[in-house]
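First comes the structure, then the notes that go with it.
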Amino acid sequence: MAEANRAVGRLLREYVDLLKLEEGSAQAFRVRAYERAVAAVAELTRDVAGMTAGELKAVDGIGASTAKKIREYVETGAIADVETLREKYPRPLVELMQIPGVGPKTVVQLRRELGVENLDDLKQAIAEERLRDLAGLGVRTEEKIARAIERLGLHSKERRIPIIRALPVAADIVAALSQLPAVRRVEYCGSLRRFRETIGDIDVVVASGDPAPVMDAFVGLPRIREVLGRGDTKASVLTDDDLQVDLRTVAPGEYGAAILYFTGSKAHNIELRQRAIERGWILNEYALADADSGEIVASRTEKAIYDALGLGFIPPELREGIGEIAAAAEDRLPRLVEERHIRGDLHVHSTWSGDGRSSLADMVAEAARRGLQYVAMTEHGENLAINGLTRDEVRRERAELDELAAGHPDLTILHGAELNIGPDGGLDYDEDFLLEFDWCVASVHSHFDFDVPTQTERILRAIASPAVNAIGHLTGRRIGKRPGIELDADAVFETAAATGTAIEVNCHLDRLDAPADLLRRARLVDGLRFVISTDAHHTTELSNVTWGVRNARRGWVERAAVANTWTRDRFLKWAAAKRRT
DNA sequence: GCCGTTTTCGGCCCGACTGTTTTCAGTCG
């Protein structure tokens, strides 16, 4: 994405926080307007530096004021209104809003009445027991803020944890609650159900006619360290590994409305509710109902509610308030890929690679057992010194594959490789040797901090090789651990499309790479194909295809663009075409 | 600040929980 778009996004996000203090409310219309603008900028596929004020204004969520500010940034490198507010509310003050339970009103009050300018000031004021005397606050609030500060860092409002940590915890809790006799249905919602790569907290919704025992059981689960809040139908807890879990119980007849509401996103919900209001209805977590009579229009299932609102069912992965509702209204939702469509796996390792953990025979057998029609065994190339295969090893591996093939008549086994993209875009082996493979994935495994032109050139060089069928884990990121490389993704997508090179959707939960936001840009590129591949290093990891598919869906990727949903013949013909060029 | 097939002015999503209050403000999702 263009550098200017990122910079504008950062500035507008900062402006949103500053405006919360200026307006004294996070719900002020001006705050919400700029929140929408931030989202609109994030989804722009054009470089803002090249857009006129008029073009900017035409974007949904960007009006005259925001357009002017963006132009101002492009022309001067700064936005005067942001700078003004920045002086009025210095960063250490703004950051106090990160403390759970502390919002803009409280920050302004603390500053006005106690002279609090930063976290140290606040800690001192608490130590001197001065918060308890403020209007609207009290001893309990003072203690609550003190506890929240102690946990800060672990539980700041901005803290997000990688999905790979949240998913197993959520699955455990859902499994435990589903055992309760009082629980009719239970499901995790929130950003986890939308399959965001990082999760703020885990939202669980239960349908039950008898909430009390459910709430009791929830706060008493073995892994719960602290109960943050507890009402009749709603509770929040911390697990022993510091994840916040919110539980909500509703009547069975309200379950659809409840999971819709708690799945979000916030922006999606707001748009849905506006649509309800236009029809004289009201939508909340219990039902879609008539605003006057209260008569229920729909509530039992999400589909019924979407139907009533004149919308097709919108899959959770799309619910980000970035155009999916308009698309549903006009019956042009993407025909998303589903797990059952996947016919092949095109990135699989065995113990031939140094980091593989299951034998070649076991991996192939598992691929066959899972009903795949084709699989590419892709050991590392020789340039990955520790894990890669020498030429001699490649030939011996091929011989073993030939023997295995006889035992699996229904599975087409491709002899592939995962090549290493060197710092200058060079690959393992030589081109003649590479063309002996049936399928090659090329991926970055090192040198993550080059600048954008260097990284882009490096990938483009790899794409230019006739032997390279796909670019593996495009950015090389590890979610929550290592940022990906920075590159001109649009240039990569255009060239990949033009050369018949696929973009891999890597299924590892800590990779999910290419990231969904890049996939949303990629899917707009005519002729670009994707492959959803597990990059499995053990037989159990072939099932990770579930996660890759969900990430692809989040990226609005359609089934038709995913090459490994195609029949064997169509896929093989397509893959061979590039290798002949 | 943004927006409009009811609108260019007058709206803007909705409710639980907490802690402070005696009817509500702030925060959160």
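Note that the coordinates shown come from a computational prediction; the quantities given were computed from them, not determined experimentally.
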Gap between atoms CZ and P, on A:Arg248 and B:dG15 respectively (whole Å): 11 Å

Ion pair A:Asp307/A:Lys303, N-O distance below 4.0 Å: yes

Base-pairing assignment for B:dG1 (Watson-Crick or G-U wobble, both under 3.5 Å): B:dC12

Note: A:Glu3-A:Arg6 ion pair, threshold 4.0 Å (strictly below): yes

Sugar-phosphate only, base, or nothing, as touched by A:Val31 at under 4.0 Å among non-hydrogen atoms: nothing

Atom-pair distance (CZ on A:Arg30; C1' on B:dC12), nearest Å: 15 Å

Spacing of A:Ile145 atom CD1 relative to B:dT27 atom P, expressed in whole Å: 9 Å

Integer angstrom distance from the C1' of B:dG19 to that of B:dC12: 29 Å

Touch class at under 4.0 angstrom, heavy-atom based, for A:Ser236 against every strand present: nothing

Nearest-angstrom distance from the residue atom CG of A:Leu260 to C1' of B:dG15: 15 Å

Aromatic-base stack, A:Phe29 on B:dC2, cutoff 5.5 Å, angle under 30: no

Short side-chain N/O contact to B:dG26 OP1/OP2 from A:Lys105, under 4.0 Å: yes

DNA chain B: 5'-proximal contact among A:Leu228 and A:Ser25 (nearest heavy atom): A:Leu228

Identified side chain to side chain donor-acceptor pair (under 3.5 Å) partner of A:Arg554 from the options A:Glu317, A:Glu197, A:Glu320: A:Glu320

Touch class at under 4.0 angstrom, heavy-atom based, for A:Thr66 against every strand present: sugar-phosphate

Sugar-phosphate only, base, or nothing, as touched by A:Gly61 at under 4.0 Å among non-hydrogen atoms: sugar-phosphate

Closest nucleotide among B:dC3, B:dG29, B:dC17 to the A:Gln244 side chain: B:dG29

Sugar-phosphate only, base, or nothing, as touched by A:Glu271 at under 4.0 Å among non-hydrogen atoms: nothing

Sugar-phosphate, base or nothing in reach of A:Leu272, heavy atoms under 4.0 Å: nothing

Euclidean distance, atom CG of residue A:Asp246 to atom C1' of B:dT18 [Å, nearest integer]: 14 Å

Value in whole Å for how far the P atom of B:dG10 lies from CD of A:Glu278: 19 Å

Sugar-phosphate only, base, or nothing, as touched by A:Ala135 at under 4.0 Å among non-hydrogen atoms: nothing

Pair A:Asp216 + A:Arg230: basic N to acidic O under 4.0 Å: yes

Nearest-angstrom distance, C1' atom, B:dT20 to B:dA25: 8 Å

Cation over ring face, A:Arg194 and A:Phe262, 6.0 Å, 45°: no

Closest listed nucleotide, where the reference is the side chain of A:Asp201 and the choices are B:dG29, B:dG1, B:dG15: B:dG29

Sugar-phosphate only, base, or nothing, as touched by A:Asn269 at under 4.0 Å among non-hydrogen atoms: nothing

Side chain of A:Gln27 (C-beta onward), nearest among B:dA16, B:dT27, B:dG1: B:dT27

Touch class at under 4.0 angstrom, heavy-atom based, for A:Phe262 against every strand present: nothing

Candidate pair A:Arg225 and A:Asp242, rule salt bridge (charged side-chain N to carboxylate O under 4.0 Å, His left out), full reasoning: CA-CA 8 Å; A:Arg225 183 159 65 79; A:Asp242 283 317; 2.4 Å; yes

Distance test, side-chain N/O of A:Arg273 to OP1/OP2 of B:dC14, below 4.0 Å: no

Distance, P atom - from B:dT5 to B:dG1, rounded to whole angstrom: 23 Å

Separation between the P atoms of B:dT23 and B:dC17, rounded to whole Å: 22 Å

Length of the CG-P vector between A:Leu19 and B:dG1, whole Å: 8 Å

Whole-Å C1' distance, B:dG29 and B:dT22: 28 Å

Phosphate contact (B:dT20 OP1 or OP2) by A:Thr141 side-chain N/O below 4.0 Å: yes

Protein-nucleotide distance (A:Arg132, atom CZ; B:dT20, atom C1'), rounded to Å: 15 Å

Candidate pair A:Arg111 and A:Val107, rule side chain to side chain contact (heavy atoms under 4.5 Å, CB included), full reasoning: CA-CA 6 Å; A:Arg111 181 189 218 187; A:Val107 169; 5.6 Å; no

Touch class at under 4.0 angstrom, heavy-atom based, for A:Val107 against every strand present: nothing

Side-chain N or O of A:Ser265 closer than 4.0 Å to phosphate OP1/OP2 of B:dG29: no

Nucleotide of B:dG15, B:dC3, B:dT27 approaching A:Asp60 most closely (side-chain heavy atoms): B:dC3

Phosphate-side-chain proximity, A:Tyr261 and B:dA16, N/O vs OP1/OP2 below 4.0 Å: no

Side-chain donor or acceptor of A:Ser299 paired with backbone N/O of A:Glu254 under 3.5 Å: no

B:dC2 to B:dT7 separation - C1' atoms, rounded to the nearest Å: 13 Å

A:Lys144 vs A:Thr106, nearer the 5' end of DNA chain B by closest nucleotide: A:Lys144

